[in-house]
Participant: 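I am attaching a structure below and will ask some questions about it afterwards.
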Amino acid sequence: MWPDRRLIDLFKTEFPIVLAPMAGIMDAELVIAAAQGGALGSLPCAMISAEKAREQVGLIRQRVKAPVNMNFFCHTPVELTAEAETRWKQRLTGYYTEHGLDPAAPIAAANRAPFDAAFCEVVEELKPEIVSFHFGLPEEALLKRVKAAGCLVISSATTVKEAVWLAQRGVDAVIAQGAEAGGHRGMFLTDKVAEQPGTFALVPQVADAVKVPVIAAGGIADGRGIAAAFALGASGVQIGSAYLRCPESKVSAGGRRALAEARDDSTVITNVMTGRPARGVQNRLMREAGPISPDAPPFPHAATALGPLKAAAEKQGRVDFTNLWAGQAVALGRELPAAELTRDLARSAMARMKALAG
């Protein structure tokens, strides 16, 4: 038995495990497999259209009778100035030349849109059991509509202050995202990346500060990490990196090789991939232009000019310009079907907790 069943009872899942929404490298297939294993499957919607979201949720509903989490970004869009665009393209010109690309050629803009009225209509139509947000929460009117649709709401906090802010606005659970976590920092009340606490320090302080269930995220990739999260006061965990090498993920062949070779010191927090701090497996661009660069334009505009470079390098089997987001426990990942991995994570966590109790 799990020592804290609040999250299981809230989400109505078999296990208190949330598959992290990982935009760009997963779709309904991984959601379905994780849900079949007993986890809460999360569909990342920040980089897809409303029509695609409808299609993906439809596929999930057809294949599995389980709760669905639709995930959205809540960042405030920032316009790309001509000066910032020129500075970034100048920084990348050498790479363009090396790959035989024209830096002056028009490029499709990066698609990372914040939650808006159009997507709120999709939520009202599809009525996912859970809606999760990154970078805070949407404006109050939209949040009320999401709740009125009968959806539970969760969001990420990187500090106790952010967790309290979320709880005061009525979230049903808080994701405590430690510095070890892969992907974008969920921070929204601060931009001081150097001050972000680790999971081990953050989780117990958030658990003390809020009454809602806490979901630990960051550096958790096996049963030991899950057991530790519960010992720290969490009611569940959110896991992403451990699922990256599952056959259901959409990671490229080159990305899979990089993940298989990754170690505890292979990831860094960088802004050169999107313009916003995120943790990923270090690649050539991070090493040569970052990992933190003042030349990178604001989120998500840094990613736009990288598109042609990413495509050109991946054709050659390289991930020099690919944002392979992953956390510090990425080396613990395994090549297992997601359903099997989920059940193994739960089984090993319970065995670890039983051993500690004995």
Side-chain angles (χ1 to χ4, degrees), residues 7-8 10-75 111-139 141-156 171-173 175 183-184 186 215 217 236 238-240 243-244 246-251 325 337-339 341-342:
L7 204 69
I8 293 174
L10 183 67
F11 291 163
K12 296 178 174 56
T13 53
E14 184 178 357
F15 303 127
I17 298 172
V18 179
L19 166 68
M22 298 176 285
I25 56 87
M26 64 170 284
D27 61 10
E29 189 176 357
L30 185 56
V31 177
I32 291 164
Q36 288 172 335
L40 172 65
S42 305
L43 180 69
C45 299
M47 293 175 63
I48 61 177
S49 66
E51 292 71 25
K52 186 69 173 179
R54 286 189 182 92
E55 172 198 302
Q56 293 283 292
V57 172
L59 289 172
I60 297 166
R61 297 294 196 201
Q62 289 170 20
R63 295 273 305 280
V64 65
K65 293 187 182 302
V68 176
N69 170 30
M70 294 181 72
N71 174 260
F72 301 92
F73 285 174
C74 286
H75 60 286
N111 177 27
R112 289 171 178 81
F115 187 73
D116 57 13
F119 252 123
C120 193
E121 290 178 6
V122 175
V123 166
E124 290 170 324
E125 172 192 333
L126 300 177
K127 292 181 170 53
E129 287 77 8
I130 297 98
V131 174
S132 64
F133 296 105
H134 211 50
F135 312 133
L137 291 170
E139 61 182 74
L142 292 178
L143 184 61
K144 285 182 177 179
R145 287 171 59 184
V146 171
K147 290 184 175 183
C151 309
L152 297 171
V153 174
I154 61 177
S155 187
S156 301
V171 299
D172 296 283
I175 302 164
H184 287 97
I215 302 166
Q238 178 170 278
I239 298 178
Y243 286 93
L244 289 172
C246 293
E248 298 90 350
S249 88
K250 304 304 178 188
V251 177
W325 301 140
L341 174 61
T342 303

Participant: My understanding is that only one of I154, D172, I17, N69 makes a side chain to side chain contact (heavy atoms under 4.5 Å, CB included) with F11; could you say which?
Facilitator: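 Of the listed residues I154, D172, I17, N69, the side chain to side chain contact (heavy atoms under 4.5 Å, CB included) partner of F11 is I154.
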Participant: Working to the nearest 0.5 angstrom, can you tell me the gap between I215 CD1 and I239 CD1?
Facilitator: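 It is 11.5 Å, given to the nearest 0.5 Å.
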Participant: State which residues pass ring-ring contact (aromatic ring centres under 6.0 Å, His included) with F119; sequence neighbours excluded, sorted by chain then number.
Facilitator: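 ring-ring contact (aromatic ring centres under 6.0 Å, His included) list for F119, sorted by chain: F72.
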Participant: Are R145 and E121 packed together at the side-chain level, in the sense that at least one heavy-atom pair is separated by less than 4.5 angstrom?
Facilitator: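 Answer yes - side chains close enough.
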Participant: Return the CG to CE distance between L43 and M26, rounded to the nearest 0.5 Å.
Facilitator: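 The CE atom of M26 is 6.5 Å from CG of L43, to the nearest 0.5 Å.
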Participant: Would you compute the distance between atom CE of M22 and atom OG of S249 and round it to the nearest 0.5 angstrom?
Facilitator: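 Here the rounded value is 7.0 Å.
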Participant: Which heavy atom of A117 sits nearest a heavy atom of L142, and at what distance?
Facilitator: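 Heavy-atom minimum between the residues: CA-CD2, 3.9 Å.
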Participant: Considering only heavy atoms from C-beta outward, does the side chain of E29 approach that of P247 to under 4.5 Å?
Facilitator: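 In short, these two side chains do not touch, never coming nearer than 4.5 Å.
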Participant: Would you say V57 and P128 make side-chain contact, with heavy atoms under 4.5 Å?
Facilitator: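 No. Closest side-chain heavy atoms not under 4.5 Å.
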Participant: Do you know the tightest heavy-atom contact between A113 and F73?
Facilitator: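 Result for this residue pair: O-CB, 4.3 Å.
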Participant: Does a sphere of radius 6.0 Å around NZ in K250 hold more than 12 heavy atoms from other residues, nucleotides or ligands, not counting ones at 6.0 Å or beyond?
Facilitator: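 Atom NZ in K250 is crowded, with more than 12 foreign heavy atoms closer than 6.0 Å.
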Participant: Could you state the interatomic distance from SG (C45) to NZ (K52), rounded to the nearest 0.5 Å?
Facilitator: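 C45 atom SG to K52 atom NZ measures 11.5 Å (nearest 0.5 Å).
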Participant: Quick check: does any side chain N or O of H134 sit under 3.5 Å from a backbone N or O of P21, one acting as donor and the other as acceptor?
Facilitator: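 No.
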Participant: Compare every heavy atom of P337 with every heavy atom of C246, then report the nearest pair and how far apart it is.
Facilitator: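 Nearest pair, atom of C246 first, then P337: SG-C, 4.3 Å.
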Participant: Drop me the distance from M70's CE to F133's CZ, to the nearest 0.5 angstrom.
Facilitator: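 Spacing of CE (M70) from CZ (F133) equals 10.0 Å.
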Participant: Okay, side chain of E248, backbone of A33: is any donor-acceptor separation there less than 3.5 Å?
Facilitator: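 Answer holds: no.
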Participant: Would you say the side chain of V146 lies within less than 4.5 Å of the side chain of C120, judging by non-hydrogen atoms?
Facilitator: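 Yes, close enough: below the 4.5 Å cut-off.
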Participant: Enumerate donor-acceptor pairs with a distance under 3.5 Å from any side-chain N or O in residues 59-66 to protein atoms, sequence neighbours excluded.
Facilitator:
unit_1: R61; atom_1: NH1; unit_2: E129; atom_2: OE1; d: 3.1
unit_1: R61; atom_1: NH1; unit_2: E129; atom_2: OE2; d: 3.2
unit_1: R61; atom_1: NH2; unit_2: K127; atom_2: O; d: 3.4
unit_1: R61; atom_1: NH2; unit_2: E129; atom_2: OE1; d: 3.2

Participant: Ignoring hydrogens, what is the shortest heavy-atom contact between T342 and G37? Give both atom names and the distance.
Facilitator: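 Result for this residue pair: CG2-O, 3.6 Å.
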Participant: Can you sort out the partners of H184 under ring-ring contact (aromatic ring centres under 6.0 Å, His included), two or more places apart, ordered by chain and number?
Facilitator: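 For H184 the ring-ring contact (aromatic ring centres under 6.0 Å, His included) partners, ignoring immediate neighbours, are F299, W325.
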Participant: Distance from E55 atom CD to I48 atom CD1, nearest 0.5 Å?
Facilitator: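 Those atoms lie 8.5 Å apart.
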Participant: Compare every heavy atom of V31 with every heavy atom of S42, then report the nearest pair and how far apart it is.
Facilitator: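 So the two residues come closest at O-CG2, 3.3 Å.
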Participant: Taking all heavy atoms of L126 and all of A53, pick out the closest pair and write down the distance.
Facilitator: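 Scanning both residues completely, I find the closest heavy atoms to be CD1-O, 4.2 Å.
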Participant: Q238 side chain to A20 main-chain N or O, any donor-acceptor pair under 3.5 Å?
Facilitator: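 No, the answer is negative, given that no donor and acceptor are paired below the 3.5 Å cut-off.
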